[in-house]
Amino acid sequence: MRALNRKLLRDLWHMKGQALAICLVIMSGVALFVAQLATLDRLKVTQQEYYAQYRFADVFAACKRAPESVAGQIAAIEGVDAVQTRIVVDVTLDIPGLDEPAIGRLVSLPDHGRPVLNDVHLRAGRWPAADDEVLANEAFAAARGYREGSTISALLNGRKRVLTITGVGLSPEFIYSIRGGANPLPDDKRFGVLWMPRRGLESAFDMEGAFNNVALKLGRGASGQEVARRLDMILERHGGFGATLRANQLSHWFLNNELEQLSRFGVVVPLVFLGVAAFLLNVVLNRLISTQREQIAALKAFGYGNPAIGLHYAKLILLFVVIGTALGAAVGAYLGDALVALYGTVYRFPSLTFALNPLLPLAAGALSGAACYAGTLKAVLAAASLPPAEAMRPQAPPLYRPTVIERLGLQRLLSQPARMILRNLERRPYRALLSISAIGMAVAILVWGFAFIDSIWYVIDSQEYDIQREDITVAFVEPRPQSALHAVRAQQGVLHAEPFRSVAARVRFEHRHRLTGLTGVPRGVTLSRVVDENLRPVAMPADGLVLSRWLGRALGVKAGDSVQVEVLEARRPALSVPVAALVDDFVGLNAYMDLDALGRLMGEDGVISGAHLRVDPARQTQLYRALKDMPAVAGVAVKASTIQSMRDQITQNLMYSVIFNIVFACIIAFGVVYNNARIALGESARELASLRVLGLTRAEISFILLGELAVLTVVALPVGCVMGWAISVATGELLNTEVIRLPLKISDFSYAFGCAVVLAASTVSALVVRRRLDHLDLVEVLKSRE
Amino acid sequence: MADNEPIYVLADTTRECVFRAEGLTKVYRMGEVEVHALRGVDLDLYQGEFVVMLGPSGKRQVHLLLNILGGLDVPSAGRVTYRDRDLTGAGERGLTEYRRHHVGFVFQFYNLIPSLTARENVALVTEIARDPMPPEDALELVGLSHRADHFPAQLSGGEQQRVAIARAIAKRPQVLLCDEPTGALDITTGVVVLQAIERVNRELGTTTCVITHNAAISRMADRVVHIADGRIARVDHNTAKLAPADLQW
């Protein structure tokens with residue numbers, strides 16, 4: 001090895017503590033980049049392969065009942081390649097050990113052969129053959145511990161049937177298995193997909209020779225919008241609920257939304273770490289070069305050229321990049337593996353495995369190299385162009401001047417050590433500013449992470465205590481007259497019941513339209529309320545609609561405009577209705593009306609879709625049983641268990657992110673504070689040792705050394721809180737979608753915790769350096785210059 | 001005088017003894033070898049006297065002795081007492097306290113704090129001393145009142161060293177220890193610095209010990225202690241001290 005390279009390695013070894021701190025920051029950035037983008041890559045590839053192999057459809061539509069002959073008309077639409085008609089029904093499942101009823105979505109399988117579209121992957125067991133045999137989806141089977149031979153009792157069209165599970169299946173239609181509605185998280189204990197031979201479903205629901213659901217595959221270049229429009233026209237007569245393109249298919253939408261978030265944060269967050277690393281390298285390299293001026297002079301005197309010197313320091317940076325990237329790629333592969341496994345529990349694929357595309361670590365290396373060289377190029381060039389004669393001389397002593405505080409005449413308030421600290425800070429304002437930003441970034445990462453969690457809890461709490469104030473919700477199989485409400489009220493254990501009407505509708509404004517649920521809210525509602533962003537109840541106007549602000553935004557509608565409402569049920573009225581108000585709700589795209597006004601719009605009198613109930617906790621078990629057995633009841637949703645299941649899942653999923661946030665924030669705080677302290681020590685060791693000789697105690701010189709960092713850290717905490725808030729605001733909008741909105745709520749605890757973690761990490765880092773003050777060589781300072 | 005003959009330092013009973021060193025030895029390791037830097041030094045320093053210690057140039061012996069007297073280092077064997085205080089067993093805390101209240105240090109390279117003005121460099125020490133003089137008085141004593149608000153970078157080498165002397169004496173130390181105070185200075189500036197030290201010694205009665213490799217300086221001392229081979233080789237008494245301005249080198 002050449003001598004100069006040997007020097008390089010020894011220099012690196014000499015500053016191993018600082019090098020480690022910086023490499024850890026680079027590592028964190030690279031690891032996050034590699035883990036997230038590798039996961040993204042795997043999910044995308046797996047999704048595409050799965051969709052292709054199992055023929056995931058492009059257009060979906062549901063209707064009341066259409067004869068099978070309609071399938072021919074649908075197949076004749078220009079651009080349609082394949083048609084799969086099906087029967088899809090949600091039924092109440094009676095699950096032993098689960099007093100509250102669960103919902104099963106029965107999806108028909110062709111009697112002969114496999115589905116043309118949305119094929120099912122048989123994970124275990126065999127295909128169902130008899131009319132009462134089913135395949136269960138994997139998430140549900142796993143959550144409930146079902147295996148081949150298990151039985152479920154279900155209420156099919158008012159008749160209790162026992163279904164036998166013959167196997168476990170997966171479908172591209174239910175990668176993310178949710179029922180739809182207010183809960184955007186899978187609740188695998190209470191919602192399952194059951195694939196059943198079509199024959200069995202036909203006879204159970206009087207659907208012989210008919211279907212109520214259809215999926216289409218489009219040919220190359222076909223327009224989905226146009227096909228959907230033609231499909232809607234065909235199904236109009238058969239009670240069509242409106243066609244949905246793949247982009248809005250629930251499972252697909254959630255998966256794609258997740259992929260989008262991954263691709264955004266997979267690049268942005270690593271850049272934060274690499275920016276911090278660039279800053280640290282800049283400070284460290286400048287310091288190193290200033291201590292090696294004589295060495296540079298000597299090398300140049302020996303005949304090394306400017307490029308050789310520049311290359312020498314460039315190689316040092318390269319070592320940081322290579323070590324940091326290598327560590328990051330290894331940690332990233334480990335994290336990526338864990339992340340893919342975690343995704344596998346929420347998004348169900350036949351096979352989802354981790355693999356590291358070798359280009360990713362290379363890209364990460366290029367990225368971190370670019371950042372690190374951007375941060376150090378100036379210092380490297382300065383070292384290369386240092387004239388040897390000048391380098392022989394020690395650097396000119398730094399210039400200091402009284403600080404602003406002193407120029408204001410407040411110097412009496414400051415002790416000499418305090419003046420030293422302030423003048424040091426003022427002498428290098430950019431370094432101070434960058435240090436504050438970097439430490440602040442550690443706080444910001446924590447605040448940002450916690451803001452996300454706070455916002456989620458805020459939405460859940462609001463749902464639980466301010467919006468869904470009912471205990472359970474009962475949905476009828478078919479809309480019922482008002483008398484059905486009395487029947488429900490009469491059940492033992494019902495304390496209070498309020499009706500609701502809910503119809504599927506298409507809301508149109510100009511050329512834009514959206515499928516949505518239109519909900520009728522009774523006057524004087526106390527249970528399931530519509531509230532604004534401050535959780536104040538919104539009263540329904542006597543006429544006119546209240547829309548989710550996001551629905552308004554999607555349609556380009558403001559309060560006062562009139563929209564076209566096309567109801568997709570019953571008599572399918574289509575009317576122009578004024579929009580009375582837009583409301584900032586959290587989940588879904590919703591349209592609300594006064595219950596009576598909706599009745600008038602529908603041309604109905606007192607018809608309801610279900611009821612929200614408050615129940616007597618002592619009698620709820622009996623009540624659930626009774627409701628499960630009521631033929632008119634299609635489903636019962638128990639709020640407490642739904643929300644508890646959401647809380648459990650979120651806690652489980654967020655726990656990792658909280659831990660990682662803390663680790664990464666500590667790495668940044670450690671990297672910045674440790675490096676700053678080491679450099680401050682290097683720059684002032686001689687001063688401090690002189691002061692020790694003059695009789696100052698260790699505590700007094702520690703104050704001088706660490707006081708500067710303490711000031712930086714204390715300033716950085718509020719700055720970091722503001723940065724965290726700002727990042728949360730900036731990225732909060734990215735997280736808001738038509739499915740869920742998270743209003744930004746950051747609790748005082750989050751700010752305090754973020755500050756506390758960073759303060760603790762900074763203190764520990766500073767104390768590690770402080771220990772070195774105990775070993776200052778007091779004799780050495782008497783002998784010679786640095 | 002032969003090396004192995006015992007050195008007898010005349011005990012001066014008329015003046016109070018400030019330092020007493022008995023049988024000091026100092027052994028340190030330098031790489032693989034053990035260096036016997038001090039081999040049994042006995043020495044008394046008296047109240048108010050001006051002592052110059054002359055060491056062979058390029059040797060650390062004389063510095064080591066100063067370090068031990070200044071409470072920066074402890075001997076390998078032997079005993080040092082400062083008045084009735086045993087420095088050898090004082091411990092880290094005791095030595096810091098000793099340096100803080102009793103000793104003034106002047107370094108060869110000044111070791112001023114670049115971020116503090118001349119006045120503030122002095123104040124740095126007066127703020128922690130028990131009975132200091134005002135920093136302005138200390139600067140006055142070294143003739144730098146007019147430069148009090150300048151930062152080290154704005155001062156010449158000689159001025160910086162005089163600030164360092166002001167810093168050292170502002171706490172009214174009983175002892176002023178100067179480690180080659182003119183080592184980094186030319187003769188003209190060196191003389192000004194020596195004048196400042198001499199004035200402190202004369203006007204404040206501070207026991208002053210200057211170590212140097214420059215024999216010329218020894219002519220301004222009361223006593224000159226020659227150190228060679230880790231021992232005191234010779235002690236000279238100057239009957240007629242020269243003023244710093246009359247020194248030649």
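Lettering follows sequence order; numbering is per chain, from 1.
Heavy atoms of B:Glu120 lying under 4.5 Å from chain A belong to its backbone as well as its side chain.
Atom CG of B:Leu124 is separated from atom CG of A:Leu691 by 5.0 Å, given to the nearest 0.5 angstrom. Between B:Asn121 atom CG and A:Glu687 atom CD the span is 8.5 Å, to the nearest 0.5 Å. To the nearest 0.5 Å, the span separating CZ on A:Arg427 from OG on B:Ser115 amounts to 8.0 Å. Once rounded to the nearest 0.5 Å, the distance linking OG of A:Ser684 with CD1 of B:Ile113 reads 8.5 Å. Between the OG atom of A:Ser690 and the CZ atom of B:Phe105 there is a distance of 10.5 Å, given to the nearest 0.5 Å.
Between B:Arg100 and A:Glu700 there is a side-chain heavy-atom pair separated by less than 4.5 Å. A:Arg698 is not listed as a side-chain neighbour of B:Arg93, based on a closest heavy-atom distance of 4.5 Å or more. Taking 4.5 Å as the limit, some side-chain heavy atom of A:Ser415 sits within range of a side-chain heavy atom of B:Glu127. Inter-residue side-chain proximity for A:Arg423 and B:Phe151 is flagged as met; some heavy-atom pair is nearer than 4.5 Å. Inter-residue side-chain proximity for A:Leu694 and B:Arg167 is flagged as met; some heavy-atom pair is nearer than 4.5 Å.
Within 6.0 Å of CZ in A:Arg772 there are 12 or fewer heavy atoms belonging to other residues, nucleotides or ligands. No more than 12 heavy atoms of other residues, nucleotides or ligands shown are found within 6.0 angstrom of CZ on A:Arg771.
Checked by atom type, the side-chain pair B:Thr96/A:Arg692 shows a donor-acceptor distance below 3.5 Å.
Listed in order of number, the residues of residues 703-717 of chain A that approach chain B to under 4.5 Å between heavy atoms amount to none.
Heavy-atom pairs under 4.5 Å with chain A were tallied for B:Leu64, B:Leu116, B:Leu112; the largest tally goes to B:Leu116.
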